[in-house]
Amino acid sequence: MQSPALKSMFRTLLGHSPGIESALRGFYLAAHFHPVSPENFTRVSERLSASWMGDGIPEEQWAVVEPQLASYRAGKPSLTFDALVDILVHNIRELYNRSLLEIGCSSGYHSEVLRCRGVEASYHGCDFSPAFIRLARQVYPAIRFDIEDATRLSYNSDSFDIVVSGCCLLHISEYEKAIAEAARVSREFVVFHRTPVLHMTGPAFYTKNAYGAEMLEIHFHEQQLVRTFAAHKLHVVDINSHLSLPESRHSERLIYKTYLCQKMK
């Protein structure tokens with residue numbers, strides 16, 4: 001397994017050569033994403049349902065995230081961080097003190113990302129993993145963090161002005177329930193951040209190894225996903241695309257997008 005420092009150096013090197021980066025990422029996808037057939041999806045998803053709860057995952061992820069945060073604090077742009085901030089700033093007026101819940105907050109680092117760009121929303125985080133919540137409370141002690149299941153949130157309906165699903169939908173087998181719950185607890189807006197989509201095929205299901213654990217990953221069919229949003233009264237008002245990769249099984253591109261949805265009354 002590569003050390004976090006080596007991974008960080010590798011990312012920096014690739015950042016100077018987009019062509020090489022795309023080719024190597026395509027090789028990585030083919031080598032590290034293992035397809036799951038639809039008939040095996042339920043069995044595999046049940047087996048991996050607790051993958052993100054591993055005690056070692058938060059430390060592994062923080063070793064990757066912290067250098068990215070340091071760079072962002074220094075004023076350097078980040079496609080992934082900016083995709084979230086920009087879609088909020090450009091579409092929602094008066095973000096100051098708006099209540100914002102992040103589902104799948106991991107260590108809560110998006111609270112800092114928002115502050116780096118001057119977004120003073122009232123941030124509240126939750127995650128499925130007790131280990132991540134322990135780390136979040138340690139790193140950001142002034143912020144409230146809860147242990148929650150994205151498919152069965154304990155919050156009342158219409159509890160938060162904005163709900164952010166923070167790069168967790170792709171790991172949730174019952175993703176439609178997670179979409180419904182995000183819509184339920186939001187008063188006005190829902191953001192689905194860093195969502196991998198295909199345009200011609202999908203959804204496609206995989207297992208992969210990340211942060212020392214095997215986990216499920218879903219690459220959605222975009223039109224089907226948008227229709228699922230609409231079924232839960234979420235209207236897409238803006239989309240940021242921030243990463244495009246060769247898909248491991250198909251000839252089309254895999255694109256990571258951030259969707260801003262407005263809740264329809």
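All values below were derived from every heavy atom in this structure, side-chain atoms included, with hydrogens, water molecules and symmetry-related copies excluded.
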Does any donor atom in the side chain of [X] or [Y] lie under 3.5 Å from an acceptor atom in the other side chain?
| X | Y | answer |
| --- | --- | --- |
| Gln61 | Ser106 | yes |
| Gln223 | His199 | no |
| His110 | Glu102 | yes |
| His242 | Thr258 | yes |
| Ser99 | Asp161 | yes |
| Ser51 | Glu214 | no |
| Asn156 | Ser159 | no |

- Task: Not counting sequence neighbours, which residues clear ring pair (Phe, Tyr, Trp, His ring centres under 6.0 Å) with Phe160? List them please.
- Result: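 Phe160 satisfies ring pair (Phe, Tyr, Trp, His ring centres under 6.0 Å) with His124, Tyr155 once adjacent residues are dropped.
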With a 3.5 Å distance limit and no angle check, can you tell me whether [X] reaches the backbone of [Y] through a side-chain donor-acceptor pair?
| X | Y | answer |
| --- | --- | --- |
| Arg187 | Asp158 | yes |
| Ser186 | Ala183 | no |
| Asp127 | Ser129 | yes |
| Arg117 | Val113 | no |
| Arg253 | Ser244 | yes |
| Asn91 | Ile87 | yes |
| Glu217 | Tyr206 | no |
| Thr228 | Gln224 | yes |

- Query: For the ring pair Phe205 and Phe41, is the centre-to-centre distance below 6.0 Å?
  - Reply: yes
- Aromatic centroids of Phe132 and Phe145 separated by under 6.0 Å: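 No; Phe132 has its ring centre 6.0 Å or more from that of Phe145.
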- Would Tyr123 and Tyr140 count as a ring pair (Phe, Tyr, Trp, His ring centres under 6.0 Å) if you check the C-alpha gap in whole Å, the side-chain angles of each, and the deciding distance to 0.1 Å? CA-CA 11 Å; Tyr123 180 96; Tyr140 304 107; 8.1 Å; no
- Test: Asp149 and Lys177 ion pair at under 4.0 Å: no
- Message: So that I can tick it off, tell me whether Glu222 and Arg227 are bridged by a salt bridge, with the cut-off set at under 4.0 angstrom between side-chain N and carboxylate O.
- Response: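 Looking at Arg227 and Glu222, the cut-off is not met.
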- Message: Atom CD of residue position Glu94 - does it have more than 12 heavy atoms of other residues, nucleotides or ligands inside 6.0 Å?
- Response: no
- Item | Residues, nucleotides or ligands: over 12 heavy atoms within 6.0 Å of Arg98 CZ | yes
- Task: Assess whether ring pair (Phe, Tyr, Trp, His ring centres under 6.0 Å) is satisfied between His219 and Phe33, documenting all intermediate values.
- Result: CA-CA 11 Å; His219 298 168; Phe33 280 70; 5.5 Å; yes
- Message: Go through it in stages, so that I can follow the logic: the residues are Arg134 and Asp55, the test is salt bridge (Lys or Arg N to Asp or Glu O under 4.0 Å), and I'd like the CA-CA distance, side-chain angles, deciding distance and then a yes or no.
- Response: CA-CA 10 Å; Arg134 286 195 297 271; Asp55 286 341; 3.5 Å; yes
- Query: Would Lys263 and Glu188 satisfy salt bridge (Lys or Arg N to Asp or Glu O under 4.0 Å), going step by step from the backbone distance to the final call?
  - Reply: CA-CA 5 Å; Lys263 191 171 178 179; Glu188 191 169 2; over 6 Å; no
- So which pairs with a foot in residues 80-107 pass ring pair (Phe, Tyr, Trp, His ring centres under 6.0 Å), sequence neighbours left out? Tyr72-Phe81
- Could you tell me the separation between the CD atom of Gln138 and the CD1 atom of Ile133, rounded to the nearest 0.5 Å? 13.0 Å
- Task: For Arg93, check salt bridge (Lys or Arg N to Asp or Glu O under 4.0 Å) against everything at least two apart and list the hits.
- Result: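 Per chain and number, Arg93 pairs via salt bridge (Lys or Arg N to Asp or Glu O under 4.0 Å) with no residue.
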